[in-house]
*Asks:* 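Pasting a structure here, questions to come.
Below, each value reflects all heavy atoms present in this structure, side chains not excepted, and no hydrogens, waters or symmetry copies. Just so we're on the same page: letters track the sequence lines, and every chain starts at 1.
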Number of protein chains: 2
Amino acid sequence: MVSKENPRPGGRSARVQAAVHQAVRDMLASMDRADVTIPLIAQRANVTPSTIYRRWGDLQELLADVAASRLQPETEPAKIGSARADLEAWVEQYADEMSSGVGREMIRDILSVADTATAEKCSGYTQQQLRVLVARAQERGEAFPTFTDLMDHVISPIMYRILFEQAPDAGYIRGLISRLMPQDAAKF
Amino acid sequence: MVSKENPRPGGRSARVQAAVHQAVRDMLASMDRADVTIPLIAQRANVTPSTIYRRWGDLQELLADVAASRLQPETEPAKIGSARADLEAWVEQYADEMSSGVGREMIRDILSVADTATAEKCSGYTQQQLRVLVARAQERGEAFPTFTDLMDHVISPIMYRILFEQAPDAGYIRGLISRLMPQDAAKF
DNA sequence: AGCTAAAAGCAAATAATTTGCGTTAGTGCG
DNA sequence: CGCACTAACGCAAATTATTTGCTTTTAGCT
């Protein structure tokens with residue numbers, strides 16, 4: 001619904017988008033989200049409300065758009081040591097970010113729009129990071145879970161708990177990973 | 001936010017709640033959800049809009065409330081044959097229900113409200129059903145996954161795929177279960 | 001530089017939400 | 001049984017958000 005690449009004739013697309021996104025980020029950081037409205041965002045972004053309505057449709061889609069752009073990772077997973085150490089560090093950071101107050105709000109914003117494209121995009125970010133870790137392990141010849149197993153048996157349980165129950169802790173996360181590592185299989 | 005038991009002095013609570021819930025269900029079944037508004041619901045339920053606003057707060061909370069009541073299971077998991085057969089049948093029916101159009105909408109409604117109580121309630125319904133299956137297996141002395149493993153490694157991946165990717169198919173679901181059954185462990 | 005079309009501004013019209021106040025209907029007690 | 005009490009409801013006015021028709025601005029193109 002937004003940011004068509006290949007901008008056609010008219011349109012000062014980029015400027016408005018940046019101003020609105022910034023306004024939303026500022027407001028989410030400084031006030032209760034229930035008080036964030038499109039007229040207020042428009043005022044802070046120096047834009048008219050109708051511009052936002054025409055471009056994003058409604059508040060939920062705008063919030064989802066902002067959340068998605070905030071969830072886009074800007075760096076590859078850090079290189080700590082072994083492939084497993086990298087994985088554990090990355091997943092713990094992922095879980096922390098997602099289970100924080102703002103993280104949960106972003107996920108909710110993304111899931112609450114009818115269009116599934118934004119949710120898929122965010123899942124794509126996660127998948128992309130995991131693929132880097134998998135490739136790195138393979139390159140080094142270290143034993144490592146498959147990409148699918150990581151999605152199904154590490155990411156999914158973490159996300160389920162964040163969405164429906166309580167935020168997972170570090171011990172739980174290490175347990176999920178451990179159960180997928182071949183050398184640890186005997187423990188379970 | 002709704003249905004206080006132990007009704008105090010005033011209040012014809014139950015009648016309005018039933019009428020509004022019914023109106024919402026009818027409307028979700030017969031029209032596009034984007035066109036469902038509180039004034040329309042109020043009209044169909046023969047209630048004034050302000051009653052709905054005061055009682056539920058906003059449309060999202062009302063939809064979440066209705067969705068939660070629809071997701072409450074009315075029966076125990078069916079007894080097909082072995083504990084495993086019961087489990088497979090129940091999980092497949094769960095996945096079908098959740099990945100259908102209305103199922104996905106209900107989940108989104110539930111997750112999109114700030115208050116996590118409704119989401120927890122729904123997860124509680126799932127847990128309750130699984131506990132029945134676990135208890136049944138134990139009673140019969142059949143090998144069976146633990147409750148936690150079912151939540152983490154069957155329900156969670158299914159829900160993740162429904163929310164962020166494509167709906168899971170029956171083969172995928174059987175694979176998730178299979179990997180948790182002791183006698184099948186060698187296959188993986 | 002001028003042309004074009006998408007995007008933005010503006011303002012009026014419409015629709016949704018909030019709110020104050022009077023009324024009604026369950027509940028518990030005498 | 002009827003009276004008092006209180007939470008929930010209805011109504012309508014006020015506020016706020018959203019939609020829409022029309023004009024103006026801007027970025028890319030020739």
*Asks:* Do the side chains of A:Val154 and A:Ile80 join up, straight or via other hydrophobic residues, at under 4.5 Å, putting them in one cluster?
*Replies:* no
*Asks:* Rounded to the nearest Å, what distance is computed from the CZ atom of residue B:Arg15 to the C1' atom of nucleotide D:dA7?
*Replies:* 14 Å
*Asks:* Look at the side chain of B:Arg54 and decide which nucleotide, out of D:dT19, C:dA16, C:dG20, has an atom nearest to it.
*Replies:* C:dG20
*Asks:* Mind checking if B:Thr37 touches a base, just sugar-phosphate, or nothing, with heavy atoms under 4.0 Å?
*Replies:* sugar-phosphate
*Asks:* Verify the distance criterion only: is there a donor paired with an acceptor across the side chains of A:Arg25 and A:Gln22 at less than 3.5 Å?
*Replies:* yes
*Asks:* Using whole Å, what does the distance between atom P of nucleotide C:dA16 and atom CG of B:Asp35 come to?
*Replies:* 10 Å
*Asks:* So how far is it from A:Ile155 CD1 to A:Ile173 CD1, rounded to the nearest 0.5 Å?
*Replies:*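 Answer rounded to 0.5 Å: 9.0 Å.
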*Asks:* Provide, to the nearest angstrom, the distance between the CD atom belonging to B:Glu61 and the C1' atom belonging to C:dT17.
*Replies:* 14 Å
*Asks:* Rounded to the nearest Å, what distance is computed from the CG atom of residue A:Asp58 to the C1' atom of nucleotide D:dT19?
*Replies:*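 Result: 13 Å.
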*Asks:* A side-chain contact here means heavy atoms from C-beta on lying under 4.5 Å apart; do A:Arg179 and B:Asp149 qualify?
*Replies:*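 They are in contact (side-chain heavy atoms under 4.5 Å apart), so the answer is yes.
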*Asks:* Just how far, in rounded Å, is P of C:dT17 from CG of B:Leu59?
*Replies:* 7 Å
*Asks:* So which pairs with a foot in residues 81-115 of chain A pass ring-ring contact (aromatic ring centres under 6.0 Å, His included), sequence neighbours left out?
*Replies:* A:Trp90-A:Tyr94
*Asks:* Of the nucleotides D:dC9, C:dA16, D:dG10, which one has an atom closest to the side chain of B:Val16?
*Replies:* D:dC9
*Asks:* Roughly how bent is the helix from C:dA1-D:dT30 to C:dG30-D:dC1 end to end, in steps of 10 degrees, with each end axis from five pairs?
*Replies:*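 Rounded to the nearest 10 degrees, the bend comes out at 30°.
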*Asks:* Going through the distances and angles, do B:Leu28 and B:Leu63 end up as a side-chain contact (heavy atoms from CB on, under 4.5 Å)?
*Replies:* CA-CA 10 Å; B:Leu28 288 179; B:Leu63 292 177; 4.3 Å; yes
*Asks:* Just the rounded figure in Å: distance from P of D:dC9 to OH of B:Tyr53.
*Replies:*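 These atoms are roughly 16 Å apart.
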*Asks:* What's the CH2-P distance between A:Trp56 and C:dA8, to the nearest Å?
*Replies:*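 It is 7 Å, rounded to the nearest whole Å.
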*Asks:* Any link between B:Met98 and B:Ile177 through a network of hydrophobic side chains (Ile, Leu, Val, Met, Phe, Trp, Tyr) touching at under 4.5 Å?
*Replies:* yes
*Asks:* As a test of reading the structure: which of D:dC9, C:dT17, D:dA17 is closest to the side chain of B:Thr51, going by heavy atoms?
*Replies:*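 Given the options D:dC9, C:dT17, D:dA17, the side chain of B:Thr51 is closest to D:dC9.
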*Asks:* Starting from the 5' end of DNA chain D, give me the residue, A:Ile38 or B:Thr48, whose nearest nucleotide shows up first.
*Replies:* B:Thr48
*Asks:* Could you state the atom-to-atom distance from CZ of A:Arg55 to C1' of D:dT18 in whole Å?
*Replies:*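 Value for this atom pair: 19 Å.
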*Asks:* Check if the side chain of B:Ser50 and the base of D:dC11 share a donor-acceptor pair of N or O atoms closer than 3.5 Å.
*Replies:* yes
